[in-house]
4 protein chains.
Amino acid sequence: MASVNKVILIGNLGKDPEVRHLEGGVAVARFPIATSESYKDKSGNKQEKTEWHNIVVWRGLAEVAEKYLKKGQSVFIEGKIRTSQYQDKEGNQRYSTEIVADNMTMLGGRSDGSTGGGNYQETASSSSSAGGNYGGNASATQNDEPDDLPF
Amino acid sequence: MASVNKVILIGNLGKDPEVRHLEGGVAVARFPIATSESYKDKSGNKQEKTEWHNIVVWRGLAEVAEKYLKKGQSVFIEGKIRTSQYQDKEGNQRYSTEIVADNMTMLGGRSDGSTGGGNYQETASSSSSAGGNYGGNASATQNDEPDDLPF
Amino acid sequence: MASVNKVILIGNLGKDPEVRHLEGGVAVARFPIATSESYKDKSGNKQEKTEWHNIVVWRGLAEVAEKYLKKGQSVFIEGKIRTSQYQDKEGNQRYSTEIVADNMTMLGGRSDGSTGGGNYQETASSSSSAGGNYGGNASATQNDEPDDLPF
Amino acid sequence: MASVNKVILIGNLGKDPEVRHLEGGVAVARFPIATSESYKDKSGNKQEKTEWHNIVVWRGLAEVAEKYLKKGQSVFIEGKIRTSQYQDKEGNQRYSTEIVADNMTMLGGRSDGSTGGGNYQETASSSSSAGGNYGGNASATQNDEPDDLPF
DNA sequence: TTTT
DNA sequence: TTTT
């Protein structure tokens, strides 16, 4: 193997997280975050370019996202890139790229007075999934998903 | 701003790099790399999942890729995520995600006896672009692209 | 070669930066930042452990640090580990480890109402050093120090 | 909190790992790795500077290190910086900085024909510690040490 | 003390 | 010496 797939992002939520609670109590949250960089164009004018990233978090992290993350807030995200294939309605192969996060730290909001803070990781102990024993299956294992989810 | 967009990958090239030399002598290389992770499925059987990443490198790094990188080789890549929008032939909005690398280190090949090695970064000094003085425009500025490229 | 030395930190400044302006107009700033992690001890009580990191920044980044960073503020730091050897007064070999930063992003302060923000990188263009043309010598080259500094 | 302490290294082992098996079956391995960077000095001559990092791995990763890592080999290390304080024999406060790894990937050796490969993470499942149930205590929790070790 |  |  000898492979590494790691992403580190700091950006602001473009929307409130959308959370789904699957059978078995497993939670999944999705939200977009924006990163932006500024550069000078050929004429020397300052330009800004925004990149949008689709974040997915599972279990305990999803519950944290549901409770604490809001549109506009700044978060630190550590995770991996995952590209899914699907067929569109015309039957063409399409690709969708997401960041599956296994570590998330709130960095405070826009202007809402929240002081931010709080680091959360994808571990069994932070999961409240009923009856779940994800044990060594924690953050680090990169196997933190049920095998047959409907997407 | 306060944003960060960073990707770190170690994986193997799925194909030889495709290199284009643009007007002005600027080179661009593209190649896919695979990362894989193994996990146990519900039955306890070991499974492997491969993720493919489309890498883009510019200038000096593209020239290094052209000369030294071959299908099967292992590379360390540091860069950022960039998602481009385009319209498909039906006029639908599509997205394509790439990793724009600004640091690349060869880690040796499959079994070809090459010992690998060599770290390369997106700096002016590693660029042989004719007449180019990219100065502070180096790796770090994240502004390492011409403004109007045909893709 | 084939080597990588990369550090990513988010933490709070323990003190205001100490800035020195060397001959030639080159600036160096140093400041400590704290990272902390919480864990449960054997009795199940929540404990917190703080780690201190000595940050060093050069040139433009040092000037940014001097102007904008204050004790208590939160920063994102990207850099490399550097351990220096020196002899103490008894003539014993000692080691001192620092983080030489080449990318720095302010993440906002404690409670002072500052909204933070602002990404800065070690590039020629962000340096105001008189007469300096650090060109390709930017962030990425990891050669961003004069050769014979008095420490 | 809102803090992050992350290190990513690729380097070569300067020595074989030294492994200790503590009471309770917990293993700890230590080994130095070298990273090097090349730069041009003022006279334009190529210089190389080597940085040494002291790596510490626990439990399953220590056992992997004991079995598979040898002097000269190349490894990818992901972990965190930890600086310990101690008093030298003269009673002076001293500091020692180590990298506590929670992810380790062998990248192959010098010239010994080993093909390398293999990613290992600090999870319960990769640990063979007798009777251990490190469960959610895995890699990600950053609490992967017994509370009162003799160093 | 590694590696190129 | 920070922050929560």
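What you see below is based on every heavy atom in this structure, not just the backbone, and it leaves out hydrogens, waters and symmetry mates. Computed from a predicted model, the values in this text were never measured in an experiment. Letters go in sequence order (proteins before strands), and every chain restarts at 1.
Side-chain N or O atoms of C/N103 include none that pairs as donor or acceptor with a backbone N or O of C/Q121 at under 3.5 Å.
Separating the CD atom of C/Q93 from the C1' atom of E/dT1 is a distance of 14 Å, rounded to the nearest angstrom. The interatomic distance linking C/N54 (CG) with F/dT2 (C1') rounds to 13 Å, in whole Å. In this structure, CZ of C/R30 is placed 21 Å from P of F/dT2, rounded to the nearest angstrom. For D/F31 and E/dT1, the CZ to P distance is 19 Å, given to the nearest whole Å. Whole-Å rounding puts the D/L13 CG to E/dT4 P distance at 14 Å. Between the CE atom of B/M106 and the P atom of E/dT4 there is a distance of 13 Å, rounded to whole Å. Atom CD1 of D/I77 is separated from atom C1' of E/dT2 by 14 Å (rounded to the nearest Å). Between C/E48 atom CD and F/dT4 atom P there is a gap of 11 Å when expressed in whole angstrom units.
The side chain of C/A34 has F/dT2 as its nearest neighbour among F/dT2, F/dT4, E/dT1. Among F/dT2, E/dT1, F/dT4, the nucleotide with an atom closest to any side-chain atom of C/W52 is F/dT2. Side chain of D/N12, nearest nucleotide from E/dT2, F/dT1, E/dT1: E/dT2.
Evaluation of the side-chain contact (heavy atoms from CB on, under 4.5 Å) rule for D/D88 yields C/R94, D/E90, D/N92, D/R94 as partners, not counting sequence neighbours. For the side-chain contact (heavy atoms from CB on, under 4.5 Å) test, residues two or more places apart in sequence or in another chain that qualify with D/Q87 are D/Q93.
Salt bridge annotation for C/K80-D/E51: absent, with no cationic side-chain nitrogen under 4.0 angstrom from a carboxylate oxygen.
At a cut-off of 3.5 angstrom, the base of E/dT2 holds at least one donor-acceptor pair with the side chain of D/T50.
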